[in-house]
Amino acid sequence: MSKVNAASIRGLFITGTDTGIGKTIITAAITAMLRAEGLNVGVWKPVQTGVLLGSGITDAERLLKSTGIHERPEAVAPFTFEAPLTPLLAAKQAGVTLTLDKLIAAGIPLIQRYEALLIEGAGGVAVPLTDTALVADLIAELRIPALIVARSGLGTINHTLLTVTFLRNLGVPIVGIIMNDGELCELHDDPSVAANAELIEQYSGLKVLGRFPRLHAEANSETLIHTIRKTIQFAPIRQALAVQLMEG
Ligand SMILES: Nc1ncnc2c1ncn2[C@@H]1O[C@H](COP(=O)(O)OP(=O)(O)O)[C@@H](O)[C@H]1O
Ligand SMILES: [Mg+2]
């Protein structure tokens with residue numbers, strides 16, 4: 001069942017080179033921007049671990065808060081597990097066996113309610129979700145393009161190129177890469193930053209869409225939209241969704 005419905009999903013999967021890399025903040029920023037442009041975009045976090053709904057700090061709750069979308073957090077994140085473990089293990093600890101079919105079936109109400117979805121992964125592409133599937137397998141099964149969030153500083157070339165290769169092996173199209181300065185900004189001491197984007201473009205053949213700066217306060221949607229407008233080439237993202245919407 002989920003295969004048929006997965007084929008009709010329109011959206012963009014936001015993955016990253018690591019956990020804590022900025023997927024949630026950038027998913028929120030892109031969503032807020034698309035909504036400001038008039039597209040009825042929703043958010044979906046197929047599985048989250050580490051904190052429970054109601055805490056206010058789960059990714060689902062953060063995504064809703066910073067985009068202004070009115071939706072129940074349980075609808076955005078149908079599978080939330082408390083253990084700070086990879087989804088496969090956190091689910092097992094809670095007595096739940098995850099499968100790709102179950103994960104996708106739980107997103108169908110969202111798929112039907114919105115013109116497109118911004119979907120946030122868990123960790124990076126090689127994170128185990130089920131006994132047989134990694135995050136990259138979920139992306140491939142959904143048949144939508146991915147966008148990679150990567151750190152701006154040292155180590156990013158290796159992590160980003162590995163992520164690109166992993167996704168390409170599964171035939172996942174990649175819209176581009178967004179470098180994120182993140183919350184710990186020691187980047188003024190990091191001489192790699194200036195050249196990282198260019199080298200990633202050279203070796204991957206992909207476009208680095210921009211560098212998302214460190215934001216000071218808990219950012220609201222206006223700040224996120226303003227930051228996207230200032231720092232990110234948005235046309236490839238808009239285009240990736242427009243193509244899917246045209247295909248119906
Ligand atoms: N550009 C940024 N400016 C300020 N804080 C950031 C930035 N990017 C990430 N953070 C903070 O760093 C932490 C990890 O980011 P998050 O988006 O949650 O990463 P991920 O979703 O990849 O785990 C969060 O507390 C987030 O608010
Ligand atoms: Mg997150």
Side-chain angles (χ1 to χ4, degrees), residues 11-33 42-53 55-67 69 73 76-87 90 103 107 117-129 134-136 138-139 146-153 155-156 159-160 162-163 166-167 177-188 190 193 196-197 208-232:
L12 193 59
F13 198 104
I14 310 297
T15 187
T17 55
D18 204 348
T19 187
I21 208 75
K23 294 183 299 297
T24 303
I25 193 170
I26 283 169
T27 302
I30 293 173
T31 304
M33 178 75 180
V43 286
W44 180 20
K45 175 88 186 181
V47 54
Q48 61 187 1
T49 66
V51 266
L52 287 177
L53 288 171
S55 62
I57 58 167
T58 62
D59 282 0
E61 289 161 302
R62 289 171 57 207
L63 287 169
L64 290 175
K65 183 159 180 242
S66 45
T67 57
I69 295 174
V76 171
F79 293 99
T80 302
F81 304 107
E82 192 170 16
L85 295 168
T86 183
L103 286 167
L117 292 177
L118 269 279
I119 307 167
E120 185 188 340
V125 290
V127 164
L129 293 179
L134 304 173
V135 167
L138 173 64
I139 310 174
L147 184 143
I148 300 168
V149 178
R151 77 168 54 80
S152 304
T156 195
H159 288 143
T160 306
L162 287 169
T163 301
F166 209 92
L167 288 171
I177 296 147
I178 291 181
M179 321 278 291
N180 180 30
D181 283 1
E183 62 183 338
L184 304 168
C185 219
E186 306 297 337
L187 296 171
H188 50 276
D190 184 341
V193 175
N196 283 338
V208 172
L209 304 181
R211 181 174 158 199
F212 199 88
R214 175 161 81 116
L215 301 179
H216 290 287
E218 180 70 11
N220 59 21
S221 64
E222 268 164 40
T223 307
L224 293 174
I225 292 166
H226 178 72
T227 308
I228 289 271
R229 287 211 174 104
K230 247 184 15 200
T231 62
I232 305 299

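Counting starts at 1 for both ligands and their atoms, in listed order. Note that the structure is predicted; figures quoted are calculated from it, not measured.
For the Mg ion (ligand 2), the set of nearby N, O or S atoms under 2.8 Å includes none belonging to Gln48.
A distance-only check finds no donor-acceptor pair linking the side chain of Thr49 to the backbone of Thr86 [under 3.5 Å]. Checking side-chain atoms of Lys65 against main-chain N and O of Asn220 turns up no donor-acceptor pair under 3.5 Å.
Checked by distance only, ligand 1 and Lys23 come closer than 3.5 Å through their nitrogen or oxygen atoms. Taking distance alone, with nitrogen or oxygen atoms compared against 3.5 Å, Asp59 stays at or beyond that limit from ligand 1.
Taking a cut-off of under 4.0 Å to the non-hydrogen atoms of Arg62, the atoms of ligand 1 that pass are 16 (P), 17 (O), 18 (O), 24 (C), 26 (C), 27 (O). The contact set between ligand 1 and Glu120, taken as ligand atoms under 4.0 Å from a residue heavy atom, comprises 21 (O).
The nearest non-hydrogen atom to atom 1 (N) of ligand 1, considering only Ile14, Asn180, Thr231, comes from Asn180. For atom 16 (P) of ligand 1, the candidate residues are Gly22, Gly50, Ala219, Ser152; the nearest heavy-atom contact is made by Gly22.
Between Ile21 and ligand 1 there is a heavy-atom distance shorter than 4.0 Å. Taking 4.0 Å as the cut-off, Pro213 counts as a neighbour of ligand 1 on heavy-atom distance.
When the N, O or S atoms of Asp59 are ranked by distance to the Mg ion (ligand 2), OD2 comes first.
The two residues Phe81 and Leu52 make their nearest non-hydrogen contact at C-CD2, 4.3 Å. Minimum heavy-atom separation, Gln48 to Leu53: NE2-CD2, 3.5 Å. Shown here for Gly56 and Arg62, the closest heavy-atom pair between the two residues is O-CG, 4.2 Å. Taking all atoms of both residues into account, the shortest heavy-atom contact from Leu167 to Ala136 is CD2-CB, 4.3 Å. Considering all non-hydrogen atoms of both residues, Gly16 and Ile21 come closest at CA-CG2, 4.0 Å. The nearest pair of heavy atoms linking Lys45 to Pro78 is O-CD, 3.8 Å.
When rounded to 10 degrees, the angle formed at the Mg ion (ligand 2) by OE2 (Glu120) and OG1 (Thr24) equals 80°.
Residue-level proximity to ligand 1 for Thr27 is absent, since no heavy atom of it falls below 4.0 angstrom.
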